[in-house]
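Below is the structure I would like to discuss, written out as C-alpha cells.
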Amino acid sequence: MTRHLTAGRRRDLTVLAVEAALLAAAVAVGAVLNHHDAGLHADAAPLYATWRPHFGWGTLPAVLLAGGVVARGPHLARRLPWPWLLAAGWLATVAWTLSLALVDGWRAGLTERLTVQAEYLHEVPRVRDLPTMLAGFTERILDFRPDSWSTHTAGHPPGALLVFVGLDRIGLGNGTAAALACVLVGATVTVSVPLTLRALGDEPAARAVLPFLVLLPGAVWAGASADGIFAAVVAAGLALLARPGRWAPGVGGLLLGVALHLSYGLVLAGLLALTVLALRSADRIRALCTAGLGVAAVTAVFVGYGFWWLDGYHLVVRRYYQGWAADRPYAYWVWANLAALLLSTGPVAGPALARTLRPALATARARIAPLTHGSTRTTAPADADAPIDAAAPATAPTDVRTGPAVWLSLAAALTVAAADVSGLSKAEVERIWLPFAVWLLVAVARLPAGDRRWWLAGQGVTALAVNHLLWTVS
C-alpha cells in the first residue's frame, strides 16, 4: 500500500508541475501578446483582470477562514451530522465569498459590481412589460443598433435578465441587494453537489468534496456575479435528478430548463445530467422522461411568449464576433483558457482528475475483457491506489473506482473540453465555466485523506493570491 500511495503522490506532483508550467506559459505568452497589442483584451491574461496588488477589509477574515477550513474542515466534514454539515458548508461558503469580495471594498466588490453598463441591472429599468420584452428579445441581440441590449444581456437568453427584473420587482433591484442575492444563491452549490453524490450512493465522496467547495477559488468571481446563480441552478437541478422518487427528476428538469434559458453554454450541462441519470440506482428511463418533460415545459413557456432558444443562439454567435471575440486569437485562448480554469478550480483539479483516469480506463478494460477473452467477469478488481477513509460509513461503495465521483468529474472535463474547442469562450472562462468547475472538484474524493489538508491549503492560497494581486472587477 505504501508503495502504491507513494507512486500516487509522485503522479500528483508531476501533474502539479504540469499545471504550474501551463500557468507560467499562459502568463508569459499573454504578456508578450499584450506588449505587441495582439488583441487579447485581458491585461492580466489568461485572466480578465488587471495587475493591481491591494488589501482590503476582507483580507483578514478571508485568511482566518481559509486557515480554519484547512485546519478543521476535513475532520468536521467526516464527523458532523449530515444536515449540520450542509448548513455549516453553506454558511462558510457565504463567508468566504463575501470576504474575498470585500478585499476589493464594499463598493467595488459588491455594490457597484452589477451596476456597470455591461451588466443586467443596467437594462432592468428598460423592461416595463415582460411579454413585450420576451417577444422582441432576439431583435435586440445584435450590436450597433439604437436599442441593442448591453453585453451580458445580449450574450444570454432572457432568463438571466428576468432574474434581475424579478429581484427588482420584489425590492432587491439595487446593486447591493442584487450582489448579496448572487452570493447567497451561488453558495448553495456547496449543498447541491454533496447532495447529488450522497443521493447516488457515495456519502464519503460527498463529505470529502465539501471543504473544497467551500474554499473554491472561483468564489473570487462567484461573488456578485450572475454566473454564481447559473452554477447554483445547474447544481440544484442535478441534485434533484439524482434523488429517488417520481417527482424529483421532473423538478430537476424544470430547473435545468431554466438553466438552459439563463446561459446558452449551459446546454453542455446536458452531459452532466445524462451522467447523473445513468448513475441512478433505479428508474433511469422514467427519470429521463420526467426530466425531459420538465425541460420541455420551460422551453414551451418561453416559446409561447415569443423567444426560441435556437434563434437567440445563432444571433448571439453573430453578436459575439461583433465584439472583442473577433480580435482575440483562438490559438492562444484555446489552451490559455485551461490556465484560467486552473485558477478558478484551484491546483487540486489536475491531480484529482488524473486519479480518476486510471480507474475509468481500468473499468473500461474490465468491461471489454469478457467480449475479447470470453470471461464472465464484469467488475474490475479493487484499486490499490484508491484512497481509504477510515471514517467512511460501512455502507460506502466497495468499488470506489466506478463511483459517481469518477464519472461526474470526467463528464465535467469533457464538458469543459467541448466549450473550449468551440471557440465561443475566448477569455473570462474563470467565471463563465463556474457551473462546470464545481463538478470537476468532485474528483478530490480520489485523493488520499491524509493529503487533503495540503490541497485545501493550495486552494486557499490560490484564491487569496489572485484576489490580492489582481483587480478582477470589470
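No experiment lies behind these values; they were computed from the predicted model shown.
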Under 3.5 Å donor-acceptor, R319 side chain and G155 backbone: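 Between the backbone of G155 and the side chain of R319 there is no qualifying donor-acceptor contact (under 3.5 Å).
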
Candidate pair L414 and L271, rule side-chain contact (heavy atoms from CB on, under 4.5 Å), full reasoning: CA-CA 8 Å; L414 289 174; L271 179 57; 3.8 Å; yes

Within 6.0 Å of CH2 in W82, more than 12 heavy atoms from elsewhere: yes

Working for side-chain contact (heavy atoms from CB on, under 4.5 Å), residues L210 and L86: CA-CA 8 Å; L210 192 143; L86 295 181; 4.1 Å; yes

Sidechain-backbone polar pair: R453 side chain, V70 backbone, donor-acceptor under 3.5 Å: yes

Verdict with reasoning, R355 to D12, per salt bridge (Lys or Arg N to Asp or Glu O under 4.0 Å): CA-CA 8 Å; R355 283 179 174 263; D12 293 344; 2.9 Å; yes

Residue pair W221 / S225: nearest heavy atoms and the distance that separates them: O-CB, 2.8 Å

pair D147-R126: side-chain heavy atoms closer than 4.5 Å: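 In short, these two side chains touch, coming nearer than 4.5 Å.
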
Check: F137 ring centroid to W149 ring centroid under 6.0 Å: yes

Side-chain heavy-atom pair P61, L64 within 4.5 angstrom cut-off: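 Side-chain contact under 4.5 Å: no.
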
Side-chain donor-acceptor contact under 3.5 Å, E123 with S150: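 Short answer, yes.
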
Check: A325 main-chain N/O paired with K426 side-chain donor or acceptor under 3.5 Å: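 Yes; judged by distance alone, with no hydrogens or angles, the pair exists.
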
P404 to D202 - nearest heavy-atom pair and separation: CG-CB, 3.6 Å

Within-4.5 Å side-chain heavy-atom neighbours: R128 and M133: no

Pairwise distance CZ(F436) to OG1(T415) - rounded to 0.5 angstrom: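 Here the interatomic distance stands at 6.0 Å.
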
W96 versus A66, closest heavy-atom pair with distance: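 In terms of heavy atoms, the two residues are closest at CZ3-CB, 3.7 Å.
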
Side-chain heavy atoms of L266 within contact of L260, under 4.5 Å: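 SC-SC contact between L266 and L260 ruled out.
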
Test log, rule side-chain contact (heavy atoms from CB on, under 4.5 Å), inputs L161 and H152: CA-CA 9 Å; L161 177 60; H152 284 186; over 6 Å; no

Donor-acceptor pair, side chain of R198 and main chain of E203, under 3.5 angstrom: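 Such a contact is absent between R198 side chain and E203 backbone.
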
Side-chain touch P351/R446, heavy atoms, less than 4.5 angstrom: no

P46 to A340 - nearest heavy-atom pair and separation: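 Looking at all heavy atoms of both residues, the shortest contact is O-CB, 3.5 Å.
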
Other residues, nucleotides, ligands: >12 heavy atoms within 6.0 Å of R243 CZ: no

Residue R318 excluded, over 12 heavy atoms near CZ under 6.0 Å: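 No.
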
Note, F164 side chain near L114 side chain (heavy atom, < 4.5 Å):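 In short, these two side chains touch, coming nearer than 4.5 Å.
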
Distance (rounded to the nearest 0.5 Å) between L98 CG and L180 CG: 6.5 Å

Straight-line distance of L254 CG to L240 CG, nearest 0.5 Å: 9.5 Å

Close side-chain approach of V429 and L338, heavy atoms under 4.5 Å: no

Distance-minimising heavy-atom pair for G223 and T97: CA-CG2, 3.3 Å

Straight-line distance of R9 CZ to L447 CG, nearest 0.5 Å: 10.0 Å

Atom pair CG/CZ of L85 and R79 - distance to nearest 0.5 Å: 13.0 Å

Short N-O contact, R246 and D283, less than 4.0 angstrom: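 Salt bridge between R246 and D283, a charged N being under 4.0 Å from a carboxylate O: no.
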
Exam field: side chain T190 to backbone W90, donor-acceptor pair closer than 3.5 Å: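 No; judged by distance alone, with no hydrogens or angles, the pair does not exist.
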
N337 side-chain N/O to S425 backbone N/O, donor-acceptor pair under 3.5 Å: yes

Donor-acceptor contact below 3.5 Å, side chain E19 vs main chain G350: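 Yes, the answer is positive, given that a donor and an acceptor are paired below the 3.5 Å cut-off.
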
Main-chain N/O of V406 paired to T356 side chain as donor or acceptor, under 3.5 Å: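 No, the answer is negative, given that no donor and acceptor are paired below the 3.5 Å cut-off.
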
Parallel, tilted or perpendicular, as decided by the 30° and 60° cut-offs, for the rings of Y120 and H156: perpendicular

Smallest separation among heavy atoms of L121 and G175, with atom names: CD1-CA, 3.9 Å

With sequence neighbours excluded, residues passing side-chain contact (heavy atoms from CB on, under 4.5 Å) with P217: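 With sequence neighbours excluded, P217 shows a side-chain contact (heavy atoms from CB on, under 4.5 Å) to Q459, T462, A463, given in chain and number order.
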
Donor-acceptor contact below 3.5 Å, side chain R207 vs main chain L80: yes

Distance (rounded to the nearest 0.5 Å) between I285 CD1 and L277 CG: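 The distance works out to 9.0 Å.
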
Flag side-chain contact, heavy atom, 4.5 Å: L213 against T93: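 No, too far: nothing below the 4.5 Å cut-off.
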
For V442, the option from T196, L410, L408 that meets side-chain contact (heavy atoms from CB on, under 4.5 Å): L408

Worked check of side-chain contact (heavy atoms from CB on, under 4.5 Å) between L464 and L100: CA-CA 8 Å; L464 292 170; L100 292 174; 4.2 Å; yes

Ring pair (Phe, Tyr, Trp, His ring centres under 6.0 Å) partners of Y264, counting only residues at least two apart: W309

